[in-house]
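Structure, as structure tokens:
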Amino acid sequence: MPELPEVETTRRGLAPHLTGRRIAGFAVHDRRLRWPIARALPGQLAGQRINAVERRAKYLLLRLDHGTLILHLGMSGSLRVLDAGTPRLKHDHYDLVLEGKRTLRFNDPRRFGCCLYTTAPPERHRLLRRLAPEPFDPAFGGAYLQRIARRRKVAIKLLIMNGQLVTGVGNIYASEALFHAQVRPRRAARSLSGAECAALARAIRKVLRASIRSGGTTLRDYTNAEGSPGYFRQRLYVYERAGQPCRRCHTPIRQFTQGQRSTYWCPTCQH
DNA sequence: ATGGGCACCTGGCTGC
DNA sequence: TGCAGCCAGGTGCCCA
């Protein structure tokens with residue numbers, strides 16, 4: 001499910017409800033996630049204040065008094081702020097109960113999400129320490145992309161989906177960004193010119209920013225912290241549009257498989 | 001170091 | 001209706 005825009009939309013929805021609030025308790029309903037929820041967690045979290053809600057790549061970071069909660073939504077996870085008495089649903093995994101009457105509830109049918117706690121600086125955590133710069137960081141841009149692409153022969157689409165090299169771009173926005181940059185997804189990374197790298201870096205930023213403005217993309221089950229869908233789906237140019245006319249030139253959009261994921265592209269607009 | 005492929009899951013849809 | 005098969009927004013890890 002969620003790529004950077006969906007996680008950022010979730011972060012923005014959660015922040016006003018969580019920031020400055022104290023954690024009254026932590027209830028585990030189903031500890032089976034990508035890594036099982038630690039049994040010690042409720043004892044570690046109770047009484048701590050949430051000082052900030054941040055995002056790094058597709059991870060959400062809840063900064064607490066004595067540590068950081070590292071949350072990931074995986075493919076199908078969602079976080080919602082609810083009244084504490086709201087009946088639970090299938091696949092609810094935990095409640096971070098806030099002081100007052102509200103609770104942060106995590107639901108994740110496929111269980112690819114995670115909920116980890118660290119008392120060390122989170123940027124040094126093994127899941128975060130090798131992540132590439134954020135796309136909106138000044139360190140990311142055409143020159144950066146050209147440097148990492150220069151010697152690699154992987155397909156450019158797989159390169160921009162590699163979190164160690166480019167952050168926050170998942171399967172939807174990889175196809176979309178390549179369309180806007182007019183670059184074919186199968187091209188070897190090292191075959192891109194400086195101008196193409198610059199165009200691709202711009203396209204990645206543009207697509208992510210536009211999607212955040214629309215509240216992200218809801219394909220099937222993504223909802224934000226309030227339970228509302230995102231509206232960027234209407235602005236997708238190629239993703240899940242195989243056989244439909246290109247919005248720019250009317251050529252039918254094509255689909256093929258790359259790294260076990262679907263890729264969409266326009267054979268006329270992309271070179 | 002790089003690249004390729006698998007694994008981890010459930011649910012929804014399609015077609016027989 | 002039932003069931004098999006396929007697909008889905010991520011990413012860590014193992015192997016060559």
Side-chain angles (χ1 to χ4, degrees), chain A residues 1-11 29-37 55-60 70-79 89-93 106-116 125-132 147-178 185-191 204 207-208 211-212 214-224 229-243 255-264:
Chain A
M1 90 87 127
E3 302 186 34
L4 186 149
E6 293 74 38
V7 179
E8 178 62 19
T9 301
T10 298
R11 188 195 70 76
H29 315 304
D30 181 352
R31 64 179 69 254
R32 298 173 303 164
L33 288 176
R34 178 148 201 199
W35 297 284
I37 298 172
R55 179 187 57 73
R56 175 72 175 103
K58 298 170 194 166
Y59 292 93
L60 284 166
I70 301 175
L71 310 180
H72 199 289
L73 305 177
M75 290 277 266
S76 57
S78 61
L79 282 165
L89 301 173
K90 199 175 178 184
H91 306 303
D92 282 344
H93 287 268
F106 181 63
N107 183 283
D108 185 7
R110 292 178 71 181
R111 297 198 251 126
F112 291 164
C114 72
C115 173
L116 302 171
H125 191 275
R126 64 183 184 87
L127 294 177
L128 306 185
R129 71 184 162 209
R130 277 183 287 270
L131 288 173
R147 182 155 46 79
I148 59 167
R150 199 167 41 199
R151 276 188 219 85
R152 293 173 206 263
K153 45 185 172 188
V154 269
I156 187 62
K157 190 213 180 201
L158 296 179
L159 181 136
I160 62 174
M161 288 180 69
N162 179 340
Q164 326 264 300
L165 301 174
V166 177
T167 267
V169 177
N171 204 36
I172 300 176
Y173 302 111
S175 283
E176 292 297 310
L178 285 163
R186 262 186 280 238
R187 292 264 306 275
R190 64 183 178 187
S191 77
I204 288 171
V207 157
L208 295 179
S211 180
I212 292 169
S214 302
T217 301
T218 296
L219 296 173
R220 281 158 275 275
D221 48 15
Y222 169 76
T223 60
N224 66 13
Y231 297 100
F232 194 69
R233 188 176 195 181
Q234 301 157 230
R235 309 254 180 87
L236 297 178
Y237 278 73
V238 291
Y239 188 81
E240 284 198 334
R241 296 196 65 245
Q255 173 182 12
F256 69 101
T257 298
Q258 245 179 334
Q260 302 96 235
R261 323 291 299 277
S262 279
T263 299
Y264 301 85

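Note that the structure is a prediction, hence the values are computed from the model and not measured. Naming: A, B, ... by sequence-line order, numbering from 1 per chain.
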Annotated protein contacts, base or backbone, on nucleotides 6-13 of chain B with a non-hydrogen cut-off under 4.0 Å, one of B, S, - each: B-BBBS--
Euclidean distance, atom CG of residue A/Asn171 to atom P of C/dG9 [Å, nearest integer]: 4 Å
Flag side-chain contact, heavy atom, 4.5 Å: A/Ile160 against A/Leu178: yes
Rounded interatomic separation in angstrom, taking CG from A/Leu73 and P from C/dG10: 11 Å
Sugar-phosphate only, base, or nothing, as touched by A/Arg130 at under 4.0 Å among non-hydrogen atoms: nothing
Between C/dG12 (C1') and A/Arg129 (CZ): distance, integer Å: 13 Å
Heavy-atom check, side chain of A/Arg55 versus side chain of A/Leu4, under 4.5 Å: yes
Side-chain heavy atoms of A/His125 within contact of A/Tyr59, under 4.5 Å: no
N or O in side chain of A/Lys58 less than 4.0 angstrom from C/dT11 OP1/OP2: yes
Residues in ring-ring contact (aromatic ring centres under 6.0 Å, His included) contact with A/Tyr237, at least two apart in sequence or another chain: A/Phe179, A/His180
Pairwise C1' distance for B/dG3 and C/dG9, with rounding to whole Å: 24 Å
Under 4.0 angstrom between A/Tyr239 side-chain N/O and C/dG9 OP1 or OP2: yes
Per-nucleotide pairing state of DNA chain B [Watson-Crick or G-U, under 3.5 Å; [ ] pseudoknot-crossing; | other strand]: .|||||||.|||||||
Nucleotide nearest A/Arg152 (side chain, heavy atoms from C-beta), chosen from C/dG9, C/dT11, B/dG3: B/dG3
Nucleotide C/dG9, atom P - distance to CD of A/Gln255 in whole Å: 10 Å
Atom-to-atom span, CD of A/Gln164 to C1' of C/dC13 - whole angstrom: 11 Å
Non-hydrogen side-chain atoms of A/Asp30 and A/His91 separated by less than 4.5 Å: no
Distance (rounded to the nearest 0.5 Å) between A/Arg190 CZ and A/Arg150 CZ: 13.0 Å
Same-atom distance (P) from C/dC6 to B/dC6, integer angstrom: 14 Å
Whole-Å distance separating the OH atom of A/Tyr173 from the P atom of C/dG10: 10 Å
Touch class at under 4.0 angstrom, heavy-atom based, for A/Ser262 against every strand present: sugar-phosphate
Nearest-Å distance for atom pair CD/C1', residues A/Glu6 and C/dG9: 7 Å
Touch class at under 4.0 angstrom, heavy-atom based, for A/Gly170 against every strand present: sugar-phosphate
Name of the residue among A/Asn107, A/Asp108, A/Thr10, A/Asn224 meeting side-chain contact (heavy atoms from CB on, under 4.5 Å) with A/Leu79: A/Thr10
Where at least one partner belongs to residues 233-243 of chain A, residue pairs that pass salt bridge (Lys or Arg N to Asp or Glu O under 4.0 Å), sequence neighbours excluded: A/Arg220-A/Glu240, A/Arg233-A/Glu240
Distance test, side-chain N/O of A/Tyr59 to OP1/OP2 of C/dG12, below 4.0 Å: yes
Residues within residues 154-162 of chain A bordering DNA chain C, heavy-atom distance below 4.0 Å: none
Salt bridge (charged side-chain N to carboxylate O under 4.0 Å, His left out) against A/Arg110, all qualifying residues, sequence neighbours excluded: none
Beyond-backbone contact of A/Ser211 with A/Thr217, side-chain heavy atoms, under 4.5 angstrom: yes
Side-chain touch A/Ile212/A/Phe232, heavy atoms, less than 4.5 angstrom: no
Heavy-atom closest pair, residues A/Gln258 and A/Lys157: OE1-CD, 3.1 Å
Euclidean distance, atom CZ of residue A/Arg261 to atom C1' of C/dA8 [Å, nearest integer]: 8 Å
